[in-house]
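Worksheet for the structure shown next.
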Amino acid sequence: MWAGKRAIVTGASGGIGEELAVQLAAAGAHVALVARRRDELERVASRCGAGRAQVVVADVANQADCERATREAITALGGLDVLVHNAGQAMWAPFEDMQDATVFEKMLAVNYLSVLWSTRVALAALKESRGRILAVSSIAGITGVPLRSGYVAAKHAMTGFLNTLRIELADAGVSVTIIHPGWVATGSQARNLGADGNMLGKMPVSVSGAATAADVARALLAAGARRERRVVLGWRSRIGILLKEFFPGLIDGMAAKAIRRGR
C-alpha cells in the first residue's frame with residue numbers, strides 16, 4: 001500500500017512518530033521527518049534506511065517554522081501523498097494549581113494549531129494526489145481526563161477540525177483518519193508540563209500493560225490504508241467511549257479514580 005508514497009511525519013524524533021516513520025519506510029514509502037532535534041531525527045533516518053528519509057528540523061509550535069518545514073518537505077519529496085500529524089505535548093496538573101497560563105497556549109500550538117498550519121500548506125499537494133491525512137489524537141480528544149485540561153481541550157480542537165475537514169475534502173478524494181489511543185508506553189509522560197510550566201521529569205502514572213508506540217503506528221497505518229475514519233485503540237477505551245453515551249457520570253468517576261490510583 002505505502003510503496004512509493006511520499007509522507008510527512010511530524011514529531012518524528014521518537015515514540016509514535018519514530019515508529020510511524022520506520023514502518024512507512026519499511027513498507028517502501030519516502031518519508032520527511034519533522035521535529036526539533038536534529039540528532040534524533042538523523043538517528044530515526046538511519047533506522048528508515050538509506051535514501052528513505054529526509055530530515056527537516058523545525059518547531060511546529062511556531063507558525064512560520066511549521067509552514068516552512070511543510071513546504072520544504074513537500075519540495076524534497078517531490079509532492080505529497082500522506083500527511084501524518086503526530087507532534088504532541090501534554091500536561092499534568094489540576095487546572096486550579098496552574099501557575100503558568102502559557103502552558104495552555106503551548107498545548108494549543110503543538111496539538112492543534114500545528115495541524116491547521118501544516119494542513120493548509122499541504123492541501124494543494126494532497127488534493128493533487130488524492131492523498132491521506134493521518135492523525136494521532138488521544139482518548140483525551142473524545143472525553144475529559146483529570147489533570148490534563150489544556151491537553152484535552154487541544155486534542156478536542158484537533159479532532160473537531162479534522163472531522164470537519166474530512167467532510168469538506170470528501171469530493172476531492174482526500175481522506176482523514178484519526179487514532180485515539182489510551183495510555184501508550186513511550187516515556188513521553190515524563191515530558192508532561194506541570195503547574196509551573198516545566199517538564200515533570202518523571203512518569204506520573206504507571207504505563208504497565210499499555211500499548212506500545214509500534215502498536216499505535218501499526219493500527220493507524222492499517223486504518224489509513226483503508227481510509228477509515230477513526231480508530232479507538234484498546235478495549236477499555238472502546239468500552240468506555242460506548243458506555244459514556246449512556247452512563248457519562250459513571251465514566252467520569254472511573255476516570256477520576258484511575259488518575260487517583262496512578263492508573
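Numbers for residues simply follow the sequence, beginning at 1.
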Answer yes or no: is there a donor N or O on one side and an acceptor on the other, between the side chain of [X] and the main chain of [Y], under 3.5 Å?
{"X": "T119", "Y": "L116", "value": "no"}
{"X": "N86", "Y": "T10", "value": "yes"}
{"X": "N111", "Y": "Q89", "value": "yes"}
{"X": "T143", "Y": "A140", "value": "no"}
{"X": "H180", "Y": "S138", "value": "yes"}
{"X": "R52", "Y": "G28", "value": "yes"}

With a 4.5 Å cut-off on side-chain heavy-atom distances among I, L, V, M, F, W and Y, is there a chain of contacts connecting [X] to [Y]?
{"X": "L233", "Y": "V184", "value": "yes"}
{"X": "L83", "Y": "V174", "value": "yes"}
{"X": "V55", "Y": "V82", "value": "yes"}
{"X": "I178", "Y": "V152", "value": "no"}
{"X": "L123", "Y": "M158", "value": "yes"}

Inter-residue atom distance [X].[atom1] - [Y].[atom2], 0.5 Å rounding:
{"X": "I179", "Y": "R230", "atom1": "CD1", "atom2": "CZ", "result": "11.5 Å"}
{"X": "L165", "Y": "I133", "atom1": "CG", "atom2": "CD1", "result": "5.0 Å"}
{"X": "D100", "Y": "K106", "atom1": "CG", "atom2": "NZ", "result": "11.5 Å"}
{"X": "L162", "Y": "I167", "atom1": "CG", "atom2": "CD1", "result": "11.5 Å"}
{"X": "C48", "Y": "E42", "atom1": "SG", "atom2": "CD", "result": "12.5 Å"}
{"X": "L200", "Y": "L193", "atom1": "CG", "atom2": "CG", "result": "7.5 Å"}

Legend entry - Where at least one partner belongs to residues 150-160, residue pairs that pass side chain to side chain donor-acceptor pair (under 3.5 Å), sequence neighbours excluded: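 Non-adjacent pairs meeting side chain to side chain donor-acceptor pair (under 3.5 Å): S137-T159.
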Legend entry - Pairwise side chain to side chain donor-acceptor pair (under 3.5 Å) hits with a residue in residues 164-176, at least two apart: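 The answer is N163-R166, S175-R227.
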Inset, instruction - Check each of R37, R38, E40 against S13 using the side-chain hydrogen bond (donor to acceptor under 3.5 Å, both in side chains) test, and report the only one that passes. - result: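 With S13 as partner, R37, R38, E40 yield a single side-chain hydrogen bond (donor to acceptor under 3.5 Å, both in side chains), made by R37.
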Inset, instruction - Kindly determine whether M98 and V103 satisfy side chain to side chain contact (heavy atoms under 4.5 Å, CB included), including the steps that lead there. - result: CA-CA 8 Å; M98 292 302 299; V103 168; 3.7 Å; yes
Can you name the nearest heavy-atom pair linking [X] to [Y], along with the distance?
{"X": "G17", "Y": "V9", "value": "O-CG1, 3.7 Å"}
{"X": "N192", "Y": "A90", "value": "OD1-CB, 3.1 Å"}
{"X": "V110", "Y": "A61", "value": "CG2-CB, 3.7 Å"}
{"X": "A195", "Y": "D97", "value": "CB-O, 3.3 Å"}
{"X": "A12", "Y": "A35", "value": "N-CB, 4.0 Å"}
{"X": "I16", "Y": "A217", "value": "O-CB, 4.5 Å"}

Report yes if the side chains of [X] and [Y] come closer than 4.5 Å at any heavy-atom pair, otherwise no.
{"X": "T70", "Y": "I8", "answer": "yes"}
{"X": "R120", "Y": "E67", "answer": "yes"}
{"X": "R47", "Y": "E19", "answer": "yes"}

Legend entry - For A69, side-chain contact (heavy atoms from CB on, under 4.5 Å) partners two or more places apart: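 Expected list: V34, V56, A58.
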Legend entry - Residue pairs passing the ring pair (Phe, Tyr, Trp, His ring centres under 6.0 Å) test where at least one lies in residues 98-118, sequence neighbours excluded: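 Qualifying pairs: F95-F104.
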Inset, instruction - Could you note down all residue pairs passing salt bridge (charged side-chain N to carboxylate O under 4.0 Å, His left out) where residues 210-219 supplies at least one of them, sequence neighbours left out? - result: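 Qualifying pairs, neighbours excluded: D215-R218.
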Distance-only donor-acceptor pairs under 3.5 Å for side chains of residues 74-81, two or more places apart:
| residue | atom | partner | partner atom | Å |
| --- | --- | --- | --- | --- |
| T75 | OG1 | R71 | O | 3.0 |
| D81 | OD1 | R6 | NH2 | 3.3 |
| D81 | OD2 | R6 | N | 2.8 |
| D81 | OD2 | R6 | NE | 2.8 |
| D81 | OD2 | R6 | NH2 | 3.4 |

Legend entry - Pair R132 + E228, salt bridge at N-O below 4.0 Å: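 No, this pair does not count.
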Legend entry - Residue that, paired with L33, satisfies side chain to side chain contact (heavy atoms under 4.5 Å, CB included) out of L20, L41, V57: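 The residue from L20, L41, V57 that satisfies side chain to side chain contact (heavy atoms under 4.5 Å, CB included) with L33 turns out to be L41.
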Legend entry - Trace of the side chain to side chain contact (heavy atoms under 4.5 Å, CB included) decision for H85 with S118: CA-CA 9 Å; H85 295 298; S118 181; 3.9 Å; yes
In terms of heavy-atom contacts, does [atom1] of [X] have more than 12 from other residues, nucleotides or ligands at under 6.0 Å?
{"X": "R68", "atom1": "CZ", "answer": "yes"}
{"X": "E128", "atom1": "CD", "answer": "no"}
{"X": "R36", "atom1": "CZ", "answer": "no"}

